[in-house]
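Here is the naming used below: chain letters follow the sequence lines, and residue numbers restart at 1 for every chain.
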Number of protein chains: 2
Amino acid sequence: MQSNDYENCFQIINMNNELDIFVDYLKQHNLRCTPQRNLILKIFLEMEGHVTVEDLHKKIRPEDPTIGIATLYRTMKLLIDAGLVEMHNFNDKTTYERLYMVKHHDHLICQICNKTVEFEHPLIEKYQQEVCDQHEFDLKSHRMELIGFCNECKK
Amino acid sequence: MQSNDYENCFQIINMNNELDIFVDYLKQHNLRCTPQRNLILKIFLEMEGHVTVEDLHKKIRPEDPTIGIATLYRTMKLLIDAGLVEMHNFNDKTTYERLYMVKHHDHLICQICNKTVEFEHPLIEKYQQEVCDQHEFDLKSHRMELIGFCNECKK
DNA sequence: TTATATATTGAGACCCATTATCAATATCAA
DNA sequence: TTGATATTGATAATGGGTCTCAATATATAA
């Protein structure tokens, strides 16, 4: 299996995962699974980077010319709510970006006993992304370490 | 001189600095110093956090009801170019934020060209403290690095 | 000071991304 | 198959932000 095959394979696996997540999300919220929604997700996953609704519309038209702009906006909002997509507003046009499946966790580190505690704070991650947006920076990963004294050692 | 006086004094100094920087910027770019521009900067500096043009307009109207919306947008753009203000597009409305004069130890790092950008984000710091409080941890310092592709390299 | 070149202003028209409306249609559970 | 209701596409509406332009203000030189 070559590198390309592996990547393709990974793509497909991811795509299925994301489709499954989306379908689950719809079911759990009493929303319906429609060909439009599936097609939009499928085409979106085939695209890379920051995707505008306009891009998406162009790419979808050949496969289903009847699909309406409003449905694109509505579906992208669902994908965001389902945790699959992130919305950016750095430029004049809103863009949508596929969220990576891998989440990072951060660490609390005690200077004295070296105890470490893993944590995750969604708002910190949100503001990290904001910082990156301000600097037109594509965030791939991050490292955050909070250093101090743990509740035992500070006594 | 008491703490309050010192803070007030610092405020005034900062304000003058920013006005000076703005005036310099205008001169160096063959732009003109107008009462509208000065008023907008003055009022903006009196406001806190993320300011919308709408907020600004409301606050300015009592002092100069004739000032036009277009001038607000134009002037905010100048302040951004002069390095005094940052624009955000997190939500539906654009907001403008006064840039801090003092920057410190968090970094954006480009994986490709190693360019680093220093930044600080008060809200991230706030939530860092929150995490530490939850874990009864005395925060002494922190390290945060956001790693990705800079705006040049991502092209 | 006065004249001159030109930058700036405010009003309102305009643009265009996004959202709301609504009747027709599709989904899904019973 | 049926019925409740979620969804769709077309289109109107919204609203932030920009553009245009004639009137005005600023900076500079004489």
Side-chain angles (χ1 to χ4, degrees), chain A residues 19 22-44 50-82 85-97, chain B residues 19 22-44 50-82 85-97:
Chain A
L19 238 170
F22 190 39
V23 171
D24 278 357
Y25 175 85
L26 294 176
K27 286 214 171 124
Q28 287 185 1
H29 290 77
N30 257 328
L31 303 172
R32 290 175 184 170
C33 206
T34 67
Q36 290 91 338
R37 286 176 176 169
N38 288 337
L39 179 63
I40 289 167
L41 176 54
K42 173 175 163 279
I43 298 290
F44 175 77
H50 295 85
V51 176
T52 65
V53 163
E54 201 185 345
D55 296 337
L56 204 49
H57 193 217
K58 278 183 194 155
K59 197 101 183 293
I60 280 183
R61 209 155 19 200
E63 306 216 19
D64 179 357
T66 71
I67 214 154
I69 295 275
T71 299
L72 291 178
Y73 281 106
R74 288 187 285 233
T75 303
M76 294 318 290
K77 201 161 280 175
L78 289 177
L79 290 172
I80 290 166
D81 293 341
V85 167
E86 224 166 41
M87 188 174 74
H88 302 296
N89 292 298
F90 16 95
N91 299 318
D92 45 348
K93 285 190 191 175
T94 296
T95 59
Y96 299 88
E97 187 177 32
Chain B
L19 239 168
F22 191 38
V23 171
D24 278 357
Y25 175 83
L26 293 176
K27 286 215 170 121
Q28 289 186 359
H29 291 77
N30 257 327
L31 303 171
R32 289 174 186 172
C33 207
T34 68
Q36 289 91 336
R37 286 174 178 170
N38 289 336
L39 179 62
I40 290 167
L41 176 54
K42 173 175 162 280
I43 298 288
F44 176 76
H50 295 85
V51 176
T52 64
V53 163
E54 201 185 344
D55 295 338
L56 203 50
H57 193 217
K58 278 183 191 154
K59 196 103 185 288
I60 280 182
R61 208 156 21 199
E63 304 217 19
D64 181 355
T66 71
I67 214 154
I69 295 275
T71 299
L72 290 179
Y73 281 106
R74 288 188 284 234
T75 303
M76 294 320 290
K77 203 160 279 174
L78 289 176
L79 290 172
I80 290 165
D81 292 341
V85 167
E86 223 165 42
M87 186 174 73
H88 302 295
N89 291 300
F90 319 139
N91 301 317
D92 45 350
K93 284 189 190 175
T94 296
T95 60
Y96 300 87
E97 187 178 31

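Remark: A:Y73 engages no residue in a ring-ring contact (aromatic ring centres under 6.0 Å, His included) (not counting sequence neighbours).
Of the candidates C:dT9, C:dT18, D:dG9, the closest approach to any side-chain atom of A:T94 belongs to C:dT18.
No donor-acceptor distance shorter than 3.5 angstrom exists from the side chain of A:N38 to the backbone of A:P35, with no hydrogens or angles considered. Without hydrogens or angle criteria, A:T71 side chain to A:I67 main chain gives no donor-acceptor distance under 3.5 Å.
Taken residue by residue, residues 22-34 of chain A places heavy atoms nearer than 4.0 Å to DNA chain C at A:R32, A:C33.
Rounded to whole angstrom, the span from the NE2 atom of A:H57 across to the P atom of D:dT8 amounts to 14 Å. Atom P of nucleotide C:dT19 and atom CG of A:L78 are separated by 12 Å, given to the nearest angstrom. Atom NZ of A:K93 and atom P of C:dC15 are 16 Å apart (whole Å). Distance A:D55 CG to C:dA17 P: 12 Å, rounded to the nearest Å. As rounded to whole Å, 17 Å separates atom P of C:dA17 from atom CE of A:M76. Distance B:R74 CZ to D:dA25 C1': 14 Å, rounded to the nearest Å. As rounded to whole Å, 11 Å separates atom C1' of D:dG9 from atom CG of A:L72. The separation between A:E54 atom CD and C:dT18 atom C1' is 13 Å, rounded to whole Å.
Within the 4.0 angstrom heavy-atom criterion, only backbone atoms of the sugar-phosphate kind lie near A:R37; the bases stay farther away. Residue A:I69 is out of contact with every strand shown, counting any heavy-atom pair closer than 4.0 Å.
Here the side chains of A:M76 and A:I40 are in contact, with some heavy-atom distance below 4.5 Å. B:L26 places a side-chain heavy atom less than 4.5 Å from the side chain of B:R37.
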> Hey, mind stepping through A:Y96 and A:V53 against side-chain contact (heavy atoms from CB on, under 4.5 Å) and telling me if it holds?
Replying inline: CA-CA 8 Å; A:Y96 299 88; A:V53 163; 3.6 Å; yes
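With the nearest nucleotide of DNA chain D identified for both B:P35 and A:A70, A:A70 has the one nearer the 5' end. Judged by closest nucleotide on DNA chain C, B:G68 is the one of B:G68 and A:K77 placed further toward the 5' end.
A sub-4.0 Å separation between OP1 or OP2 of C:dT19 and a side-chain N or O of A:Y73 is absent. For A:Q36, a side-chain nitrogen or oxygen approaches OP1 or OP2 of D:dG9 to under 4.0 Å.
With rounding to the nearest 0.5 Å, the separation of NZ in A:K93 from NE2 in A:H50 is 15.0 Å.
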